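Remember, it's a predicted structure, so these values are computed and weren't measured experimentally.
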Amino acid sequence: MAIRRAQTLLCLSKFKTNFVFGSLHRLFSSSSQNSNQFQNVGFIGLGNMGSRMVNNLVKAGYKVTVHDINRDVMKMFTEMGVSARETPYQVAQDSEVVITMLPSSSHVMDVYTGTNGLLLGENAIRPALLIDSSTIDPQTTRKISLAVSNCNLKEKRGNWEKPVMLDAPVSGGVLAAEAGTLTFMVGGPKDAYVAARPILQSMGRTSIYCGGSGNGSAAKICNNLAMAVSMLGTSEALALGQSLGISASTLTEVLNTSSGRCWSSDAYNPVPGVMKGVPSSRDYNGGFASKLMAKDLNLAAASAEEVGHKSPLISKAQEIYKKMCEEGHETKDFSCVFRHFYNGKDEV
């Protein structure tokens, strides 16, 4: 079903491309020749996000092969009937597409180019499409994309003679990963994005093409900067409201029907007792860790410095989340700033 959707989308598309790796339109135009295209998907990185994304790939009917440095989580998947491999290179040997969801730039670089990495085959690798959904800096993304483009395919597919990398970080957090409603921000060749879209749709509700290589990573950094600042603003307002005698529930109702409404107030409220099903309702566990937000803010700061962009709110948000981590809250959801930085109170 996923392949039929890809074929339909490609037949309807009218755009022209100078995609140097070959014409993906011709590759996917023949349903009889390519009926099994992109059914074997490798997935590396089985953390809170990756494990749930794999579940949705399996539900969508893909044959998935996984790898993670955590052997316990690999065992969990093998007990569910999902194939597991000891190294990224072994995953690549079994896969037409490989997706990575890893904590940092250094982890992604190691999985691609390190010992037993995805590109161990050097000039001849099996996966035609490599998709990195990690949140990393655009510079590392572009460096790895160049390394991928210098490889060839072990098995040519139609006119697709070169492997392609897409950067496709996500937004939505663990809840959206579990529900299959993630938003993907995608950078790379547009034809490759169109070819990958059925796979992305099995894990998310929305995918947005952001332009060339690294632009997906850039979009994610900017999105998380906005998310961090809005969470700080919402938490500050709600904590101040409590100090002024307004209940968090009442002030939340005001915000959500007024100009202060945002995702942090109406979908991910930081006050325990105001909203069910969000990390604040479970002692800030099982969400987007403060240490990951601190990491993303560091990426934003480095990117801003590189292009000479003045960003005072990055610096202040960095300061706050660094303090949160230093005080032992690094594994708690980033919305815990309400309690641990602003000293906000639970809603009784």
Side-chain angles (χ1 to χ4, degrees), residues 44-45 47-50 69 100-114 132-145 165 167-174 177 182-187 210 213-236 262-264 268 270 279 284 287-342:
I44 299 172
N48 286 335
M49 297 291 291
I69 58 173
T100 48
M101 174 58 95
L102 301 162
S104 69
S105 299
S106 61
H107 290 96
V108 177
M109 182 66 78
D110 185 60
V111 163
Y112 271 84
T113 65
D132 181 38
S133 288
S134 315
T135 299
I136 65 174
D137 61 281
Q139 295 76 22
T140 297
T141 291
R142 289 164 183 152
K143 187 182 299 184
I144 297 173
S145 180
M165 178 186 174
D167 46 295
V170 302
S171 180
V174 173
L182 292 167
T183 293
F184 287 86
M185 294 152 266
V186 188
C210 299
S213 176
N215 281 18
S217 296
K220 177 60 188 294
I221 289 172
C222 293
N223 177 79
N224 279 22
L225 166 60
M227 182 171 69
V229 171
S230 69
M231 180 57 74
L232 293 175
T234 299
S235 296
E236 188 168 311
C262 65
W263 181 81
S264 296
Y268 212 80
Y284 300 103
F288 186 66
S290 293
K291 64 180 179 181
L292 295 179
M293 180 56 81
K295 179 211 76 170
D296 290 356
L297 289 167
N298 290 340
L299 293 176
S303 296
E305 183 177 358
E306 183 173 352
V307 297
H309 187 78
K310 185 186 296 184
S311 301
L313 293 181
I314 294 180
S315 299
K316 190 60 183 177
Q318 269 186 299
E319 177 187 324
I320 291 174
Y321 278 102
K322 179 181 178 183
K323 180 177 175 64
M324 295 289 295
C325 293
E326 290 173 347
E327 293 182 350
H329 310 301
E330 66 273 11
T331 61
K332 294 291 187 179
D333 183 77
F334 78 108
S335 62
C336 76
V337 292
F338 171 79
R339 174 186 288 171
H340 297 299
F341 183 80
Y342 291 108

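Put simply, the side chain of Tyr284 does not reach to within 4.5 Å of the side chain of His329, judged on heavy atoms. Side-chain contact check for Thr234 versus Pro270: some heavy-atom pair is nearer than 4.5 Å. Annotation: side chain of Phe184 is in contact with side chain of Ser133 (closest heavy-atom distance under 4.5 Å). A heavy-atom distance below 4.5 Å is found between the side chains of Tyr321 and Leu232. At a threshold of 4.5 Å between non-hydrogen side-chain atoms, the residues Met49 and Leu182 count as touching. Counting only heavy atoms from C-beta outward, the side chains of Phe334 and Leu297 never approach each other to under 4.5 Å. You'll find the side chain of Lys295 stays beyond 4.5 Å of the side chain of Ile136, heavy atoms only.
The side-chain contact (heavy atoms from CB on, under 4.5 Å) check on Glu236 picks up Tyr342, with sequence neighbours excluded. Every side-chain contact (heavy atoms from CB on, under 4.5 Å) that Ala219 has, sequence neighbours left out, goes to Met185, Cys210. A search for side-chain contact (heavy atoms from CB on, under 4.5 Å) contacts involving Lys322 returns Glu326, not counting sequence neighbours. In this structure, Asp110 has no side-chain contact (heavy atoms from CB on, under 4.5 Å) partners at least two apart in sequence or on a different chain. Every residue two or more places apart in sequence or in another chain that forms a salt bridge (charged side-chain N to carboxylate O under 4.0 Å, His left out) with Arg339 is listed here: Asp283, Asp346.
Interatomic distance, OG of Ser134 versus CE of Met109, reported as 12.0 Å (0.5 Å rounding). A distance of 11.0 Å separates OG of Ser104 from CG of Asp296, quoted to the nearest 0.5 Å. If you take OG on Ser217 and CG on Asp132, they are separated by 6.5 Å, rounding to the nearest 0.5 Å. Atom-to-atom distance recorded for Phe288:CZ and Asn224:CG is 5.0 Å, nearest 0.5 angstrom.
Residues Met324 and Cys336 share a closest heavy-atom pair of CE-SG, 3.2 Å. For the residue pair Ser335 and Met231, the shortest heavy atom distance occurs at CB-CE, 3.6 Å. Closest approach of Lys220 and Val170 over heavy atoms only: NZ-O, 2.8 Å. Asp167 approaches Gly214 most closely through the heavy-atom pair OD1-N, 3.0 Å. Residues Leu299 and Ser105 come closest through the heavy atom pair CD2-OG, 4.4 Å. For the residue pair Ser235 and Val337, the shortest heavy atom distance occurs at OG-CG2, 3.6 Å.
Although no hydrogens or angles enter the test, the distance criterion places a donor-acceptor pair under 3.5 Å between the side chain of Ser290 and the main chain of Lys332. Asn215 contributes no side-chain N or O that, together with a main-chain N or O of Gly187, makes up a donor-acceptor pair within less than 3.5 Å.
For residues 297-307, the pairs satisfying side-chain hydrogen bond (donor to acceptor under 3.5 Å, both in side chains) are Gln139-Glu306, Asn298-Gln318, with sequence neighbours left out.
Between Asp137 and the choices Thr140, Thr135, Thr141, the side-chain hydrogen bond (donor to acceptor under 3.5 Å, both in side chains) rule is met once, by Thr140.
Between the side chains of Tyr268 and Asp333, at least one donor N or O lies within less than 3.5 Å of an accepting N or O.
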Check the pair Val108, Ile144 against side chain to side chain contact (heavy atoms under 4.5 Å, CB included), reporting the backbone distance first and the verdict last.
CA-CA 9 Å; Val108 177; Ile144 297 173; 3.6 Å; yes
